[in-house]
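Given the structure is predicted, the values throughout are model-derived calculations rather than measurements.
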Amino acid sequence: MRKSRSPVGWFQPGEARLLGTDLVQDALDKVKLIQERLRTTQSRQKSYTDRKVCDMSYMVREKVWLKVSPMKGVMRFGKKGKLSPRFIRPVEVLQRIEEVAYELALPPSLSSVHQVFHFYMLRKYIGDPSHVFAFNTVQLDGNLTYDVEPVAILGRQV
């Protein structure tokens, strides 16, 4: 059974007053309380979202990391897990297409992949040779996937 939406149903049966002005005033107070709580909730959610948003822009000829990690529901590398590579080697920005789209200078092995990427797929590269992923060890195909083969068996269970 569905609850009543009228102001009469907002009060306990014993405390509802039959005076018209008091009943209306109580209903208006409840509406103001609900509106205040909605504003508080919206403000909290906006602060959570604003914390994650960052305005990134990349200059032409700047180096960026290209994100290739699996997203939710998308299996780009065939395997998902915390040890799978998140970004491939730094690539150069050729030009800015729009505010959020960049054309990249991809290596010849990725010639079948479209060269324009959204800025969420890019991360700023700070020059450090130890960060470079060994790109030659992984052969990527057109949809940015590769086959993972085990290197060694470390243990067995019976």
What distance do [X] atom [atom1] and [Y] atom [atom2] have between them, rounded to the nearest 0.5 Å?
X      : Y      : atom1 : atom2 : value
Arg37  : Thr40  : CZ    : OG1   : 9.0 Å
Glu103 : Gln95  : CD    : CD    : 4.5 Å
Gln42  : Thr49  : CD    : OG1   : 11.5 Å
Gln115 : Leu106 : CD    : CG    : 5.5 Å

Practice problem: Decide whether Val100 and Val116 are clustered together by the hydrophobic rule: side chain heavy atoms of Ile, Leu, Val, Met, Phe, Trp, Tyr closer than 4.5 Å, transitively. | Solution: no

Are Val91 and Tyr120 grouped together when hydrophobic residues (ILVMFWY) are joined by side-chain heavy atoms under 4.5 angstrom apart?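 Same cluster: Val91 reaches Tyr120 through Ile, Leu, Val, Met, Phe, Trp or Tyr contacts under 4.5 Å.
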
Minimum heavy-atom distance between [X] and [Y], given as atom pair plus value:
X      : Y      : value
Val93  : Met59  : CB-O, 3.6 Å
Phe117 : Leu104 : CD1-CD1, 3.5 Å
Trp65  : Lys124 : CD1-O, 3.6 Å

Apply side-chain contact (heavy atoms from CB on, under 4.5 Å) to residues Val60 and Leu94 and explain how you reach the verdict.
CA-CA 6 Å; Val60 175; Leu94 291 179; over 6 Å; no

Original post:
Counting N and O atoms only, with roles assigned by atom type, does the side chain of Ser43 sit under 3.5 Å from a partner on the main chain of Arg39, one being a donor and the other an acceptor?
Top reply: no

*Just by distance, do the side chain of Tyr102 and the backbone of Tyr58 share a donor-acceptor pair under 3.5 Å?*
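Checking the backbone N and O of Tyr58 against the side chain of Tyr102, a donor-acceptor pair under 3.5 Å is found.
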
ask   = So, are Lys30 and Asp26 salt-bridged, with charged N and O less than 4.0 Å apart?
value = no

Practice problem: Given side-chain contact (heavy atoms from CB on, under 4.5 Å), test Glu92 with Arg61 step by step and report yes or no. | Solution: CA-CA 5 Å; Glu92 186 177 310; Arg61 302 187 56 87; 3.7 Å; yes

Review point. Does Glu99 have any side chain to side chain contact (heavy atoms under 4.5 Å, CB included) partners at least two apart in sequence or in another chain, and if so, which?
Key: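 Glu99 satisfies side chain to side chain contact (heavy atoms under 4.5 Å, CB included) with Arg96 only.
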
